[in-house]
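What follows is a single structure, written as structure tokens, with notes after it.
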Amino acid sequence: MTDVERLLRDTFAAHAVQAPTGGDLAQAARARARPRPRRRWATPLVAAAAAVAVVVAVWAVPAGLTRGNSPDSGQSSGQSLLSSVPAGVLKAAETLRDQPGVHITQPVQWIRVTYGRYRQLATPALTSPDERINSSDVYVIRFRGTFPYPGSRSPGPGSTPPKSYPVQDEIICVNAGCPFRSGGPMFQKRGSLKFATETLQAGVIDFLEPVDLAKIAVVRTFVLPRP
Amino acid sequence: VVVVEFEQFVTEQGPGLRRLAFMITGEWYAAEDLAQSALARAFEHWDRVAAVDRPVDYVRRILVRQHLSWRRKLSAGELLLAAPGLDQPVESGEDRVDAREAAWGLLAGLPNRQRVVLVLRYYEDLTDDQIARIVGSSPAAVRSNASRALAKLRAQIPGLAEELLS
């Protein structure tokens, strides 16, 4: 055995202890397993229903979405694979989660869509004059939870104590190749979003008014792990 | 009965499968996801899995092949913008540069198939024939992948092994 081979064995042995542990692996696996067909005669029926669903889905997906942007509908309602979440989306979600006073109470939703398509629904007739921007793919993330209301910092009469309130926010996250600048001023929907600067570092560029994401694409969700 | 059998299997083999997943992905979340995904597939066809001599070999094969195809799919789809800190840093407790950490980092740069072959050979201690059956290639291809991966590591870490072993 060569030195490199010995080093490999040592390396693997040393890192084996870092493998994931805990949690109910069997239950998680069973939850992700597709239900098995029970009757043979049901197969043609299921195939026909699936074909109809595909036709309806293709018809319902608006122009501007390319194939591959629409994930499996089976993942739309539950917890999708965390590892399939794009790094920029995950980073943005983690950055927001780690802000003091922020509690994300629902699974984080995200879609991938063209900027122009999203903007049309968010703020009608307000698309960028730059066609490159309109046709750029971006990630849109939606958070639901509670965020801190800043209140007045100076002590004395009239100061407002900080408090939390429920909020739903949508954030656009830059995708690779997008000609947006990744810095500079941001649009803030609420003055309470103090963490705008930090989210910029995560590649987040814009806050927009919430729209029905399902009108644009099938929504993917994921549950943020606790820090 | 199926659920009970499956849960017993996961209790016994789950930790090993998670470790294997971690070795070939190098990332904590990806490993957990891969292990879950492979076990989910096994559960879907549990009657077939339970019928073989060593079900764990069957699941291991699912896991490795899912990894190889899944990574291919990922590389063709989403482009990662930044590493979001999914890999867990190691607390060595010592200031010196750990040769194992350097080797671990270099392993991440290997092509998937080469890394898988190294893991199965030097972590799982499988023969080239067994690896070939798991990966779905010939023993000669396994030897070729292993040889190329070792040469690459050897070229990138001259003296590292000696540092560790001294």
Side-chain angles (χ1 to χ4, degrees), chain A residues 1-36 68-69 71 80-95 112 137 139 173-178 182 201-203 222 225, chain B residues 3 6-7 9-11 14-15 17-23 25-45 74 77-86 88 90 98-101 103-104 107 118-119 121-123 150 153-154 157 160-162 164-165:
Chain A
M1 184 183 294
T2 66
D3 286 347
V4 173
E5 288 172 321
R6 249 176 293 178
L7 173 60
L8 275 178
R9 283 188 194 281
D10 282 347
T11 301
F12 289 137
H15 284 83
V17 294
Q18 294 176 55
T21 54
D24 193 337
L25 184 57
Q27 192 186 18
R30 281 196 287 120
R32 285 174 59 169
R34 286 170 297 187
R36 290 186 290 182
N69 287 351
S80 69
L81 311 181
L82 192 60
S83 60
S84 68
V85 179
V89 170
L90 190 57
K91 181 72 180 171
E94 286 175 336
T95 305
R112 184 178 173 181
D137 275 346
Y139 296 114
C173 190
V174 181
N175 189 15
C178 178
S182 58
Q201 293 162 4
F222 66 99
Chain B
V3 172
F6 177 73
E7 291 197 339
F9 173 83
V10 175
T11 304
L17 291 167
R18 273 172 157 166
R19 283 195 292 272
L20 173 61
F22 182 66
M23 291 299 151
T25 60
E27 292 172 352
W28 202 90
Y29 289 126
E32 179 67 13
D33 177 49
L34 181 59
Q36 282 184 20
S37 176
L39 284 167
R41 180 69 67 85
F43 182 68
E44 288 165 15
H45 308 286
L74 189 68
E78 307 290 356
L79 177 62
L80 297 186
L81 301 174
L86 294 181
Q88 307 292 310
V90 175
D98 193 341
R100 294 187 196 98
E101 291 311 305
W104 184 252
L107 281 167
L118 291 186
V119 169
R121 208 191 229 193
Y122 298 110
Y123 177 66
L150 288 173
L153 291 178
R154 200 172 288 122
I157 50 174
L160 199 58
E162 290 79 359
L164 174 72
L165 297 169

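All values derive from a computational prediction rather than experimental measurement. Chain letters run A, B, ... following the sequence lines, proteins first and then strands; every chain starts at 1.
- Looking at B/Leu20, neither its backbone nor its side chain comes within 4.5 Å of chain A, counting heavy atoms on both sides.
- Looking at B/Arg41, only its side chain comes within 4.5 Å of chain A, counting heavy atoms on both sides.
- Side-chain contact between A/Leu25 and B/Glu32 is present, with at least one heavy-atom pair separated by less than 4.5 Å.
- Results of the side-chain contact (heavy atoms from CB on, under 4.5 Å) test with B/Tyr122 over A/Asp10, A/Thr11, A/Leu8 single out A/Leu8 as the only residue that passes.
- Here the closest non-hydrogen pair linking A/Ala29 and B/Ala40 is O-CB, 3.2 Å.
- In terms of heavy atoms, A/Arg30 sits closest to B/Glu7 at NH2-OE2, 2.7 Å.
- Closest approach of B/Phe6 to A/Ala26, counting heavy atoms only: CE2-O, 3.7 Å.
- Using the six-membered ring where Trp is involved, B/Trp104 and A/Phe12 have ring planes that are perpendicular, over 60° apart on the 30 and 60° scheme.
- Interatomic distance, CD of B/Gln36 versus CD of A/Gln27, reported as 10.5 Å (0.5 Å rounding).
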